[in-house]
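For reference, the structure is listed below as structure tokens.
So you know, we letter chains A, B, ... as the sequences are listed, proteins then strands, and number each from 1.
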Amino acid sequence: MSAHRYRFAPSPTGFLHIGGARTALYNWLLARKSPEDALVLRLEDTDRERSTDEAVAQILDAMEWLGLDYDEGPFRQTERSDIYAERLEKLLSSGAAYWDTAGAGEVKLAKERSGGAGYRGTPVPEGTAGAAVRLRVPDEGHTTVNDVIRGESAFENRLLDDFVIARADRTPLYNFAVAVDDTDMGVTHVVRGEDHLSNTPRQLLVLKALGADPPLYAHLPLLHGTDGKPLSKRHGAASVQELRDIGYLPEAVRNYLALLGWGYDAETTFFTTHDLIEKFSLERVSRSPAVFDEQKLSWMNGHYIREMDTAELTRRVAEWMAARDISGADDPRLEQAVAAVKDKVSTLAEVPRLVGFAFGPVETDPKAWDKVMGKEGARDLLERARTALAGVDPFDEAQIEQALQRVVEDTGAKPGAVYQPLRVAITGKTVSAGIFESLALLEREEALQRIDQALDRL
RNA sequence: GGCCCGUUCGUCUAGCCUGGCCUAGGACGCCGCCCUCUCACGGCGGAAACAGGGGUUCGAAUCCCCUACGGGCUACCA
């Protein structure tokens, strides 16, 4: 059995968008299928402007968070100029490539005259003003892309231009550089976005000129936004960094991303990463674009949170809070707080939102106050609840519940009429964790104090 | 314009290759009911799709053709 080498090539713009993350994930899943396979990370950074070291570091950081490790790389295009120079020379001396002075305008003109046939240049000596290197494309035959997902697509050579593979200063262009890297790095599988399908014949032509065997290609459908337009930076594409900030779990993101454009069977929705590695296959990848739907991600994330061990979840929440200087990250009651809201949240960010009251002063929402405290009998019930709570010992959920239920029974009030004023008094909001849990979390002294404060205001 | 790719519920998809088991299945979302201290969670039920038109066939979501629509590429960007 031979080893496979998968190539993942993000643009290091400091921004790993959802589509890129999915491509990374698919490559990673494939490369992890067998121990001898490898994931090669090649960075598409001919564009020096955007690919600063900092931007590269951000991409790598996002991949690490997602749990996508690589075996070789990151290879930066800017650091491989020797290799491209050598291959370029080889093509030039064999006549497979030549210097030509035509610019975009001339190419367009020539194509119009020839009725749409591909542009063919006239070789000039190196150093001629404005000359760049073009690859000689055959006039006859087809260049056929054999795609694992889409099958065969044939492109007529006659219609393809002799395209530029290097600038006047011999720096390589994308279609050349990438093909050189594929052979040079021994890449066997290229799994990338569909936007590269039309570039593939050009890369195939370079490979052929170099006398190299092409890798296996798989072009994934693009990802679209909720408006049905392709996702792009200026088009509200979420990045994995943003997903991390909002409080998504990497395992949930992996699961969700895997399902964007791929399905295993009619009913399986949840996959452990182990399952994914085992079950994922390119043959089952969809051919049409998928829309990134955060609602479903959110639901799935909630599922992962509920399934997670509370201690582990607490660790994640603490880490998330600490990274954002949110108070309570190192509070010993955090685990108790997490347990109280585990069923209610769908992201890590919602945890401090629901239990933050326990880790800092009450911030009373005026609307909540008016709505609840303005009700008939609110003050009286709050007072009775206070009295009942003062005698609870130990001050734990079970005892608190008993005591408060007695208040409900004795007064004949609706449970909500007793609990809501209490909730507003101690949390400042109408929405929070369960009232018994919230009270216990606060502990008696603090709870009573907050109730007294509320009573004073009433 | 040329070339290439695509089109199943609002969304992600199963089914398509190897026509009949599809009165098209599941999930998110939505609506209703139940549970309930708020919000959630959970349970139950519901509305909701084969882009259109021609063929082939006893039979087509599945095979063929056309049209429409969407997208990509067509840079001395990647």
Students often get this wrong, so: under 4.0 angstrom with heavy atoms, is [X] touching a base, only sugar-phosphate, or nothing?
X	answer
A/Arg353	nothing
A/Phe436	base
A/Ala9	nothing
A/Ser432	base
A/Gly434	base
A/Pro289	sugar-phosphate
A/Ala168	base
A/His196	base
A/Thr430	base

Fill in: Whether A/Tyr174 and A/His196 hold their rings parallel, tilted or perpendicular, with breakpoints at 30° and 60°
tilted
Practice prompt. Counting Watson-Crick and G-U wobble pairs only, both distances under 3.5 Å, name the nucleotide matched with B/C16, or none.
Written response: none
Item to complete: Please list residues of residues 258-265 of chain A whose heavy atoms come under 4.0 Å from any atom in RNA chain B, ordered by number; otherwise none.
Response: A/Leu259, A/Leu260, A/Gly261, A/Trp262, A/Gly263, A/Asp265
Practice prompt. By nearest nucleotide on RNA chain B, pick out whichever of A/Thr269 and A/Arg150 is the more 5' one.
Written response: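 On the 5' side of the pair lies A/Arg150.
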Practice prompt. Kindly say whether A/Gly19 contributes a backbone atom to a donor-acceptor pair with the side chain of A/Thr23 at under 3.5 angstrom?
Written response: yes
Discussion item. Between A/His303 and A/Thr269, is there a side-chain donor-acceptor contact under 3.5 Å, judged purely by atom types and distance?
Written reply: no
Discussion item. I need the NZ-P distance between A/Lys108 and B/C76, as an integer number of Å.
Written reply: 13 Å
